[in-house]
Colleague: 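My questions will all concern the structure given below.
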Amino acid sequence: MLEGFSWTPRGGSAIESSERMRGALSRAAARSLQRNAGPPRTSRDDLVEWARTHLRDRKFVVVSNREPYSHTRQGNGVGWVRNAGGLTVALDAVARALGGVWVAHGSGDADRETVDAHDHVACPPDRPAYTLRRMWLSEIEHAQYYSGLSNGALWPLCHIAYVRPRFRLEDWERYRDVNRRFAEAVLEEVGDAPALVFLQDYHLALAARFLRERRPDLQIALFWHIPWPNPEVFRILPWKKELLEGLLASDLLGFHIRAHADNFLDSVAATLEARVSREHLAVERAGRRTWVRDLPISVPSEEIAALAALPETAAAGQRIRSELGLDGCKVGLGVDRLDYTKGIPERLEALERMFETHPEWRRRFAFIQIAVPSRVELKEYREIGQRTRTLARRINRRFPRPGGPTVHLIESNLDFRDLVPYYTMADLCAVTALHDGMNLVAKEYLAATPDLDGALVLSPFTGAARELERAFIASPYDREGMAEAFHAALSETAESRRERVTALRETVLRRNIYDWAIELLDSVESLGLRTPLPEVGDLTNG
Ligand code: F6P
């Protein structure tokens with residue numbers, strides 16, 4: 001297994017303040033030098049500096065359903081994995097830089113054995129930089145809050161994938177209870193101290209309201225990592241009013257793209273009595289103002305690039321090639337949770353079409369699909385798994401390859417560190433979601449391609465496509481078009497590949513997770529200072 005990222009944890013409190021000042025100044029100087037010398041790169045140190053100046057005595061608390069690290073039974077002992085989900089990998093970089101507490105559901109089968117009496121465990125387990133506070137959910141809580149309301153109702157409601165949401169009152173009530181429990185855990189962590197609470201995603205839409213009831217002074221931001229539907233779709237949610245009221249207890253709500261922020265404002269205008277300003281991206285209701293911002297999330301690009309450049313990573317990539325019989329073959333890669341929004345069958349069907357229309361790729365191209373088992377309690381997820389397996393078998397039967405299967409379907413939950421060699425060895429990465437808030441696989445892949453030898457086939461229905469315009473953009477609804485995109489990506493000259501990946505990569509290196517975090521946290525700060533409310537006259541009734 002590869003070493004973890006190479007950054008060091010945040011400096012200790014024993015550092016003399018003058019030394020800190022000197023450090024800060026030299027970092028600022030280095031940054032400005034770098035700015036003058038080439039494209040600016042915001043670094044982890046910049047985020048640390050931001051926190052020193054702005055957070056001061058405030059506690060920083062991240063809250064998400066999924067935990068960044070899980071402890072699991074491994075043989076007779078206990079080990080840990082770094083969960084590979086885009087959100088947890090990205091936010092982990094922020095939490096490492098800022099320290100503080102991360103509250104999340106403890107879902108690993110050895111999680112309970114590794115916490116202390118306060119349900120705390122230091123993370124990352126090999127280089128502690130922050131505290132993970134685990135929350136325990138009973139089976140029924142998990143079934144109704146996570147599988148039922150979060151993933152059986154809100155997930156299909158927010159994604160255009162033509163899966164009908166299921167609305168059950170008992171799921172909603174449990175969702176409310178679990179959100180209250182998350183809020184209580186945060187309040188325990190915060191005590192009487194001032195704090196900035198950073199909630200994540202659709203699992204926690206009501207948590208801000210419960211926090212606000214007990215601690216009106218807290219600064220609260222929530223980032224909605226999935227799309228927000230248009231108001232015509234949103235209005236079918238039986239609890240739409242309560243969900244919006246929960247969200248509007250935050251000071252700031254973040255979305256990846258402007259269209260989702262606009263959809264949110266339109267949904268508020270259509271549902272609540274509130275003043276909604278599309279110009280200022282704000283909602284005013286019951287004397288409170290919530291700012292809405294579109295801030296596309298990114299990845300810890302430099303760290304992923306450094307990991308990708310390690311000789312161990314190249315060796316691991318080489319091992320994967322020989323173990324899977326891929327030597328001398330071009331290799332495509334897909335990395336997704338087995339989710340119906342990710343367009344995995346559509347991708348395989350397009351590959352099959354490419355083998356039909358461009359026979360020169362038969363036996364010369366193979367595809368690895370890493371499919372992380374996900375939400376299998378829900379039948380739509382089991383069905384997408386079956387469809388994917390059937391298609392992989394069909395392609396392998398129709399287009400055999402001497403060295404091994406043409407499609408390698410790896411159904412496994414890989415540690416992020418084990419994923420990077422796949423990124424680096426692939427000649428092409430396919431991100432073909434039917435609909436996706438951002439999709440960080442696209443950005444991780446580019447960050448992990450330091451040799452500039454790669455190609456990205458990208459769905460226009462991902463948030464990432466707004467920034468990564470030079471990818472091979474191909475619709476998962478257009479099999480012929482996507483087959484041609486695969487062919488074009490594989491046929492491109494080495495020079496043109498280099499030039500394209502350089503440009504795409506630059507976007508990911510320049511707009512990295514630290515930019516996102518600073519911009520978001522800075523918005524909470526600076527917008528919060530704008531009292532009394534300005535330009536009230538500009539706020540229009542919904
Ligand atoms: O895409 C939304 C999201 O919350 C991601 O941020 C995250 O990677 C994924 O869904 C989590 O899925 P789960 O926790 O259900 O495995």
Side-chain angles (χ1 to χ4, degrees), residues 62-70 81-95 102-108 111 134-135 137 141-161 163 175 178 182 198-205 207 222-229 254-257 260 295-300 335-344 370-378 380-382 384-385 411-416 419 431 433-444 459 461-464 513 516 520:
V62 176
V63 195
S64 69
N65 173 71
R66 182 66 61 194
E67 59 182 349
Y69 296 88
S70 298
V81 288
R82 181 178 190 205
N83 291 319
L87 183 156
T88 51
V89 170
L91 262 292
D92 178 55
V94 176
W102 186 327
V103 179
H105 169 218
S107 52
D111 273 358
R134 286 183 170 141
M135 284 250 318
L137 296 182
E141 283 177 327
H142 192 261
Q144 295 181 330
Y145 141 81
Y146 174 80
S147 306
L149 203 282
S150 299
N151 293 312
L154 294 180
W155 182 268
L157 180 76
C158 292
H159 289 89
I160 304 171
V163 169
Y175 179 85
V178 172
F182 268 99
F198 188 17
L199 303 164
Q200 308 302 318
D201 235 346
Y202 60 102
H203 311 88
L204 297 171
L222 181 143
F223 203 91
W224 191 266
H225 290 267
I226 63 176
W228 187 278
F255 296 89
H256 292 305
I257 62 173
H260 299 155
L295 297 165
I297 196 172
S298 192
V299 294
V335 180
D336 310 84
R337 280 181 307 101
L338 248 178
D339 191 297
Y340 54 80
T341 60
K342 301 293 180 184
I344 305 169
I370 295 176
V372 180
S374 183
R375 308 172 190 172
V376 287
E377 325 71 63
L378 298 173
E380 291 83 2
Y381 286 79
R382 294 194 296 276
I384 207 74
E411 291 187 55
S412 165
N413 194 357
L414 293 188
D415 185 293
F416 183 73
L419 194 56
V431 172
L434 305 182
H435 201 194
D436 214 329
M438 172 52 66
N439 197 298
L440 290 178
V441 167
K443 293 187 174 181
E444 286 171 0
S459 161
F461 312 122
T462 60
I513 186 68
W516 177 80
L520 192 132

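One-based numbering along the sequence shown. In listed order, ligands and their atoms are each counted from 1.
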Colleague: Give a yes or no answer on whether the side chain of W102 reaches the backbone of E67 with a donor-acceptor pair at less than 3.5 Å.
Modeller: no

Colleague: To which protein heavy atom is atom 7 (C) of ligand 1 closest, and what is the distance rounded to 0.1 Å?
Modeller: L87 CB, 4.2 Å

Colleague: What protein heavy atom sits nearest atom 9 (C) of ligand 1, and how far off is it?
Modeller: R337 NE, 3.8 Å

Colleague: Can any side-chain N or O of S150 pair as donor or acceptor with the backbone N or O of Y145 at less than 3.5 Å?
Modeller: yes

Colleague: Within the structure, does H225 bring an N/O atom to less than 3.5 angstrom of an N/O atom in ligand 1?
Modeller: no

Colleague: Name the closest protein heavy atom to atom 8 (O) of ligand 1, giving the residue it belongs to and the distance to 0.1 Å.
Modeller: G86 N, 3.7 Å

Colleague: Looking at atom 16 (O) of ligand 1, what's its closest protein heavy atom, distance included?
Modeller: R66 NH2, 3.0 Å

Colleague: Can you tell me the protein heavy atom closest to atom 11 (C) of ligand 1 and the distance?
Modeller: R375 NH2, 3.8 Å

Colleague: Of the options H105, E141, E377, which is the one that meets Y146 in a side-chain contact (heavy atoms from CB on, under 4.5 Å)?
Modeller: E377

Colleague: Determine whether a donor-acceptor pair (N or O, by modelled atom type, separation under 3.5 Å) exists between the side chain of R82 and the backbone of D415.
Modeller: no

Colleague: Is a side-chain donor or acceptor of R337 paired with a backbone partner of A371 at a separation under 3.5 angstrom?
Modeller: no

Colleague: Any chance the side chains of Y202 and N151 put a donor and an acceptor closer than 3.5 Å?
Modeller: yes

Colleague: Looking only at protein heavy atoms, which one is nearest to atom 3 (C) of ligand 1, and what is the separation?
Modeller: D201 OD2, 3.5 Å

Colleague: Tell me: protein heavy atom nearest atom 2 (C) of ligand 1, and distance?
Modeller: I226 CG2, 3.5 Å

Colleague: Mind checking the CH2-CD spacing from W155 to E380? Nearest 0.5 Å is all I need.
Modeller: 13.0 Å

Colleague: Using non-hydrogen atoms of the residue, decide whether W224 is closer than 4.0 angstrom to ligand 1.
Modeller: no

Colleague: Below 4.0 Å, non-hydrogen atoms only: which portion of Y381 touches ligand 1? Side chain, backbone, both or neither.
Modeller: neither

Colleague: Can you pull out the closest protein heavy atom to atom 15 (O) of ligand 1? Residue, atom name and distance to 0.1 Å, please.
Modeller: Y146 OH, 2.4 Å

Colleague: Tell me whether D201 contacts the main-chain N or O of H203 through its side chain, where contact means a donor paired with an acceptor under 3.5 Å.
Modeller: no

